[in-house]
Amino acid sequence: MSSAPVPVVPFSILHPTDFSQGSMLAFCHALKIAVKYKASLSILHVESGRSEDARWEDFPGVRDTLQRWGLLPADAPRSAVYDELHVAVEKIDASGPVIPAIINFLDHHPFDLMVLSTHGREGLPAWLHRSTAEPLARRALLPTLFVPQGAKGFVSADDGQVSMKRLLMPIDRNPSPRYALPDALEVLQGLGDDDSELILLHVGKTELEIAKPMGFRWQWKSMNASGEPVDVIINTAESIDADLILMATAGHQGFLDVIRGSTSERVLHHAPCPVLTVPGAEDRR
């Protein structure tokens, strides 16, 4: 099942979902970002071994959510999502092995951002096991926002309000965050305000100067800490009450380095807030 073709808009978001209640917070993040940037939002559901297609009503309720947030009136028709808010929504239902289906979809549809729900300390979604993740890791080289179930999100599911006060960005030479900064911050600063802070976290002996991008309005701070990198990142995120952790990735590990158990993946397992991973410019799709 698929809705009508999505109009071409400047920013596009993919949100794979398993229809679980736990994935609703990730959906709310994807929808809020789509509203903020008048983006296209493709909600993709893949399930193997079933006998019938999912119904439109099985998907997360876009209009219901926007009405709850006060962005659409209670009697708004389906067309109001695009006519009033300029958000183009497509709901896609596919069957078969989950990872190949997502890869196939990505091969034919370019996106600027993927938003995924994760299972907190268990890490990746149940359908994204290590044995099946490597093909997706090699192909889905695009910025990915991971929203842990049970963690504090920066978008309220109740009213759609955004809290983007403190963004934590760990700094390392490899991969360099210089590629991750410009595009990611261009998107993220629109979710904050002039009082928001970007905190550059230098772990150990890392000495890498990062220049503040021109036009970036947030407060720009640096801090140093020593210790095991994952512990330092998590402890710092908790102590400053971070709303988001931004991490640069490299090579085919750009999809959270899921195979090698990298720093990015281990941070996700314990992150108290969403994690945005951004591949180097030369590695993107």
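Computed from a prediction, not measured in an experiment: that's the story for all the values here.
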From [X] atom [atom1] to [Y] atom [atom2], the distance as rounded to the nearest 0.5 Å:
X	Y	atom1	atom2	answer
Thr236	Glu238	OG1	CD	9.5 Å
Ser196	Leu198	OG	CG	10.0 Å
His29	Leu145	NE2	CG	6.5 Å
Lys38	Ile33	NZ	CD1	14.5 Å
Thr277	Ile245	OG1	CD1	12.0 Å
Ser42	Glu90	OG	CD	4.5 Å

If you define the side chain from C-beta out and look only at heavy atoms, does anything of [X] sit under 4.5 Å from [Y]?
X	Y	result
Lys152	Asp241	yes
Met164	Leu244	yes
Leu113	Thr144	no
Gln219	Asp194	no
Asp243	Leu167	no
Ile199	Met223	yes
Ser40	Phe11	no
Leu106	Phe111	yes

**Report entry** Donor-acceptor contact below 3.5 Å, side chain Gln67 vs main chain Leu72
**Finding:**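 No; zero donor-acceptor contacts below 3.5 Å.
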Query raised in the report: For the side chain of Arg68 and the backbone of Asp159, is there at least one donor-acceptor N/O pair under 3.5 Å apart?
Result: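 No; zero donor-acceptor contacts below 3.5 Å.
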For the student: nearest non-hydrogen atoms of [X] and [Y], plus distance:
X	Y	result
Ile43	Phe27	CD1-CE1, 3.8 Å
Ser226	Val232	O-CG2, 3.5 Å
Ala30	His15	CB-CB, 4.1 Å
Ala26	Leu116	CB-C, 3.9 Å
Phe105	Leu14	CE2-CD1, 3.8 Å
Gly190	Lys36	O-CE, 2.8 Å

**Report entry** Residues Gln149 and Ser117: side-chain donor-acceptor under 3.5 angstrom
**Finding:**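 There is such a pair between these side chains.
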Query raised in the report: Strictly by modelled atom types, are Asp93 and His45 linked by a side-chain donor-acceptor pair under 3.5 Å?
Result: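 The criterion, which ignores hydrogens and geometry beyond distance, is satisfied for His45 and Asp93.
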**Report entry** Val81 vs Leu66, side chain to side chain contact (heavy atoms under 4.5 Å, CB included): CA-CA, chis, key distance, verdict
**Finding:** CA-CA 8 Å; Val81 177; Leu66 294 173; 4.1 Å; yes
Requested in this report: Show your reasoning for whether side chain to side chain contact (heavy atoms under 4.5 Å, CB included) applies to Phe146 and Val115.
Outcome: CA-CA 6 Å; Phe146 295 89; Val115 180; over 6 Å; no
Report task. Decide, yes or no, whether a salt bridge links Arg217 with Asp193 under the criterion of side-chain N to carboxylate O below 4.0 Å. Result ->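 Here Arg217 does not pair with Asp193 in a salt bridge, since their nearest N and O are not under 4.0 Å apart.
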Query - Worked verdict on Lys221 versus Leu200 for side chain to side chain contact (heavy atoms under 4.5 Å, CB included) - result: CA-CA 6 Å; Lys221 298 182 178 181; Leu200 306 178; over 6 Å; no
Report task. Tell me, with the steps shown, if Trp69 and Cys28 meet side chain to side chain contact (heavy atoms under 4.5 Å, CB included). Result -> CA-CA 10 Å; Trp69 292 351; Cys28 290; 3.9 Å; yes
Query raised in the report: Do Lys165 and Trp218 meet the cation-pi criteria used here (NZ or CZ under 6.0 Å from the six-membered ring centre, within 45° of the axis)?
Result: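 No, Lys165 does not sit over the ring of Trp218.
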